[in-house]
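For reference, the structure discussed in these notes is given below.
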Amino acid sequence: MALKIRKNGAWVDLIQDETGSVTATANGAISAGDPVIIGEYANNAIVSKVATDAYTPTITPGGLEKFTTQTTWDLDFRGARIAYVPDGDYYIICYVANISGDLNKKFLRAKVATVDDSGNITYGPEYKVEDGSTTNITATTGKSSDDSGFDLVYDPDIKNMEHSNGSYYQNYDAVLVCYGEDDKKYTRYLWSTNGTNLSFGDKVEVVDDDRVVSLCLAYNKGIKKFMVTYKTYIGGLWKMFVRLGTPITTVSGGKVNFSSATQLDTGQHLGLAIESDKTSGFIVLYNKLCTGGVRLTGIGIDVDGTTLDVGSYTYLSDCYERSDTSSNEVRDWVVMCAFHEEREKFVIVYSGKRMGGSGAAYILTAVLTLSGTSISSSTPWRTYRYGNLYPTYGDPRTYASLVYDPYLKEVYVHWKPYDEDDQLAINSLPINKNGEILSNGTKNIYLTGEGNIGSYIHLEAVSGAQSGVRTGMNGFAAVGKTHHLFVFKNQSAQYDPGFAKAVKVENRLTNLTESNFLGFSEDTYADNDTAKINTIASVDTNQSGLTIGQKYYVQGNGTLSTTPESNINIEAGVALSATDLLVSGGAVLTSEKIFPPPFSTAGWDI
């Protein structure tokens with residue numbers, strides 16, 4: 001039957017096939033299960049999928065502020081890690097500096113940073129991490145630390161964790177820092193009670209071995225445990241290990257107890273990264289030597305209680321030629337990984353140089369799926385080819401950080417464009433629900449002419465949150481509710497100190513509004529096909545990975561989430577199974593008569 005509705009007083013025709021569904025003309029290709037919006041053209045209803053290719057953030061550069069305290073040429077900033085604490089809306093920065101010419105004298109510091117809505121950065125006092133002290137701090141005081149790898153990870157679950165005696169000693173969210181000091185490796189919690197000052201938990205020894213390098217840390221929300229990975233030189237061989245960390249509360253606030261080491265692999269490994277999913281899995285990534293070159297390699301780990309099920313290593317790339325570290329080529333220890341929580345996929349950025357080729361170097365992006373301990377990879381997307389796409393997507397040596405933004409539900413990469421030492425850029429790496437890479441996103445420059453980004457080679461660094469065969473790091477970004485905060489070495493400032501740059505990422509361009517959501521596509525349709533749309537009170541059977549009984553919301557990029565967008569609240573429905581969604585929608589209160597289901601969409605009247 002023909003169904004007459006009107007939008008803002010104008011009559012539009014829809015064809016109602018059955019209860020809970022309508023048909024209309026497809027405006028562009030639509031896949032089964034896609035959320036769709038309704039529009040009108042010449043008084044006929046048209047439907048379009050919620051756009052993903054228009055899903056571009058608005059980038060607003062914020063403040064640029066120095067966070068290190070060195071005041072002489074004798075102290076050399078080595079790099080930093082940064083983590084965001086949403087409970088108090090602040091960041092914690094940990095950083096290392098050493099006395100120039102004496103790499104045995106390095107010092108680990110920490111401080112709180114806050115960013116206001118305009119992007120202005122404010123810092124709290126500087127602390128010595130080894131004892132949590134703010135006293136007697138000069139540029140060159142404190143216990144000798146090391147930058148052979150340290151990491152900083154947010155723990156969302158330590159707050160209000162119950163002690164074995166029934167008490168609750170930790171009332172604040174915290175981050176865990178893993179670092180080296182006096183030839184040993186430690187972890188300890190850091191948090192702020194007021195967004196300015198820092199508090200410290202117990203210092204816990206993880207491993208007593210001065211040969212350990214490439215410390216990397218990850219936290220799994222599903223099992224509420226940490227995992228640390230590293231490599232060390234034993235019996236003439238490099239060996240790679242992991243340890244499982246279990247948080248507990250103490251009178252001091254909290255600590256993490258680590259298990260004995262589990263060996264993963266033996267041999268020379270370039271680059272090391274670890275990331276977790278939201279259930280019980282971890283992925284360890286590294287470049288493994290192959291005949292004449294290296295191959296990106298992954299090991300999947302599944303945790304059951306305190307038992308680790310370690311899978312066999314899996315080659316995730318072809319064998320690439322090892323880079324010449326003296327030339328402008330991809331560094332084959334660069335491995336970056338972020339977990340896309342909405343897609344439940346791992347996004348990786350890594351390097352590759354074709355064997356026997358003309359010297360062309362590549363930065364590649366791929367999507368990984370972890371099932372138990374098995375890892376599968378998508379076809380890699382060539383993000384960059386050295387000397388070819390320059391300067392569109394930057395120097396592969398300076399891809400700095402890969403982060404997942406839980407507020408915008410996208411993966412972003414921060415980097416320095418090739419041959420532009422005074423610039424920082426950001427772009428998204430969007431993937432669809434099938435785990436396919438859509439594009440590089442839009443390149444946005446958010447720092448230009450304000451500083452000189454410290455070079456990769458000078459820092460002997462490796463990118464982002466991942467540690468490599470060399471020491472230090474190039475840069476790192478943390479994602480806040482409104483701003484990303486990026487830390488780097490600023491070689492244009494006196495004494496080459498550490499700086500932080502804020503960038504607001506918001507207001508994605510999407511065709512979805514609270515007044516145009518219609519329902520879900522019944523099938524796959526081409527442009528101008530007559531499309532059947534499941535609307536309110538119907539069951540859409542084309543979803544995947546849903547949790548039974550959970551309410552879902554439509555996101556601006558066409559995905560479903562258990563939480564609504566910050567600036568748009570559109571209820572999709574309730575999951576009846578992993579694939580079936582009972583479609584719901586918002587009630588409409590206007591001066592027109594509103595009929596009950598099957599049709600109710602804000603702004604449209606039956």
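Keep in mind it's a predicted model, so treat the numbers as computed, not measured.
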Aromatic plane relationship, His414 with Tyr446 - under 30° parallel, 30 to 60° tilted, over 60° perpendicular
perpendicular

May I ask you to test the Val177-Arg188 pair for a side-chain heavy-atom distance under 4.5 Å?
yes

Lys/Arg-Asp/Glu bridge criterion (N-O < 4.0 Å) met for Lys159, Asp87
yes

Please report the C-alpha distance between Asp89 and Tyr84 in whole Å, then the side-chain angles of each, then the deciding distance to 0.1 Å, and finally whether the side chain to side chain donor-acceptor pair (under 3.5 Å) criterion is met.
CA-CA 7 Å; Asp89 193 20; Tyr84 178 69; 2.5 Å; yes

Identify whether the distance between the nearest side-chain nitrogen and carboxylate oxygen of Glu130 and Lys203 falls below 4.0 Å.
no

Tyr95 ring center near Phe67 ring center (under 6.0 Å):
yes

Sequence-distant partners of Asn197, side chain to side chain contact (heavy atoms under 4.5 Å, CB included), two or more places apart
Pro125, Tyr127, Asn194

Could you pull out all donor-acceptor pairs under 3.5 Å where a side-chain atom in residues 299-309 meets a protein atom, sequence neighbours excluded?
unit_1 : atom_1 : unit_2 : atom_2 : d
Asp302 : OD1    : Ser280 : OG     : 2.7

I'd like to check Lys255 versus Ile248 (side-chain heavy atoms, cut-off strictly below 4.5 Å). Are they in contact?
yes

Is the shortest side-chain heavy-atom distance between Lys409 and Thr563 below 4.5 Å?
yes

Lys501 vs Leu64 side-chain heavy atoms within contact, under 4.5 Å
yes

Mind running salt bridge (Lys or Arg N to Asp or Glu O under 4.0 Å) on Lys504 and Asp117 for me, showing each step along the way?
CA-CA 8 Å; Lys504 179 177 284 190; Asp117 190 60; 3.1 Å; yes

Backbone N or O of Tyr233 within a donor-acceptor pair of the Arg211 side chain at under 3.5 Å?
yes

Would you mind reporting whether Tyr412 and Leu429 have side-chain heavy atoms less than 4.5 Å apart?
no

Heavy-atom distance under 4.5 Å between the side chains of Ile158 and Tyr219, does that happen here?
no

So, Asp265 versus Tyr286: side-chain donor-acceptor pair below 3.5 Å or not?
yes

In this structure, are over 12 heavy atoms from other groups packed under 6.0 Å from Lys239 atom NZ?
yes

Taking only residues two or more places apart in sequence, or in another chain, which ones meet Val479 in a side chain to side chain contact (heavy atoms under 4.5 Å, CB included)?
Val403, Asp405, Pro406, Tyr407, His484

Are Thr562 and Lys551 linked by a side-chain donor-acceptor pair shorter than 3.5 Å?
no

How about Ile93 and Tyr123: do any of their side-chain heavy atoms sit closer than 4.5 Å?
yes

State whether Tyr315 and Lys288 meet the cation-pi test: NZ (Lys) or CZ (Arg) under 6.0 Å from the six-membered ring centroid, and within 45° of the perpendicular axis.
no

